[in-house]
Amino acid sequence: TQLLEQSPQFLSIQEGENLTVYCNSSSVFSSLQWYRQEPGEGPVLLVTVVTGGEVKKLKRLTFQFGDARKDSSLHITAAQPGDTGLYLCAAGYSTLTFGKGTMLLVSP
Amino acid sequence: GAVVSQHPSRVICKSGTSVKIECRSLDFQATTMFWYRQFPKQSLMLMATSNEGSKATYEQGVEKDKFLINHASLTLSTLTVTSAHPEDSSFYICSAGSGDQPQHFGDGTRLSIL
């Protein structure tokens, strides 16, 4: 089982600020997914990264996969209240192991 | 994208009641379905993995006689919480997958045992 450490656990910022969320492991990932979950709903897949050094962009979200495939980051530019939610990284493919998540609160 | 429907979305019942939660893949055949449990402000914890037509594989610490899982078809899996007690109150989420395709999650079921 791959242990995933996410940081920070909680982040409260003002609209327009930038932020970065980290996901780290001592193990090498075969692939990694980032999800966003709103209260009372299931997680929604944002991106899957599989190649070391890979960078993927999804509008204001930038996902980076470490060269050694042991860590990943999610950077949000000019955060908006609609970005509020629990951000989860998960490793694996057919069976997922989730990190503990980062709860992001963006205030107007 | 793929759609997974979970029903009911919320259940409130008395202690000792058995509760069944359904998970359906609406537009694809799910060879594997997963059941997760999530406590407030915590991440998802995998409870069990089920493959169509075979017995579910439970994670360590999850009682298989307490949480009965049936995966009778490629589009439906059910989780039955038997003789539920207040400590079983949680948010239960299912997901469905096929081959190497990413899992698609349902919207969860909030279970509250009084």
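Quick caveat, the model's predicted, so the values are computed rather than measured. In what follows, every chain begins at residue 1, and chains take the letters A, B, ... in the order their sequences are listed.
A/Val50 and A/Val55 end up in different hydrophobic clusters when Ile, Leu, Val, Met, Phe, Trp and Tyr side chains are linked at under 4.5 Å. Follow the hydrophobic side-chain contacts under 4.5 Å out from B/Val62 and you reach B/Leu111 in the same cluster.
Interface remark: A/Gln37 contributes side-chain atoms only to the contact with chain B (heavy atom separation under 4.5 Å). For A/Phe10, no part lies under 4.5 angstrom from a heavy atom of chain B. Of the two parts of B/Leu44, the backbone and the side chain both hold a non-hydrogen atom closer than 4.5 Å to a non-hydrogen atom of chain A. Within the 4.5 angstrom heavy-atom criterion, no atom of B/Gln6 approaches chain A.
Across all their heavy atoms, A/Phe98 and B/Ser43 have their closest contact at CB-OG, 3.4 Å. Here the closest non-hydrogen pair linking A/Leu86 and B/Gln42 is CD2-O, 4.1 Å.
Surrounding CD of A/Glu17 are more than 12 heavy atoms belonging to other residues, nucleotides or ligands, all under 6.0 Å away. Crowding of B/Met45 atom CE: a count of heavy atoms from other residues, nucleotides or ligands under 6.0 Å not exceeding 12. Under a cut-off of 6.0 angstrom, the local environment of NZ in B/Lys64 is sparse, with at most 12 non-hydrogen atoms contributed by other residues, nucleotides or ligands.
Sorted by first and then second residue, the side-chain hydrogen bond (donor to acceptor under 3.5 Å, both in side chains) pairs with a member in residues 60-76 of chain A read A/Thr20-A/His75, A/Trp34-A/Ser72, A/Arg60-A/Asp83; sequence neighbours excluded.
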Please walk me through it: do A/Leu96 and B/Phe34 pass side chain to side chain contact (heavy atoms under 4.5 Å, CB included)? CA-CA 9 Å; A/Leu96 295 175; B/Phe34 304 85; over 6 Å; no
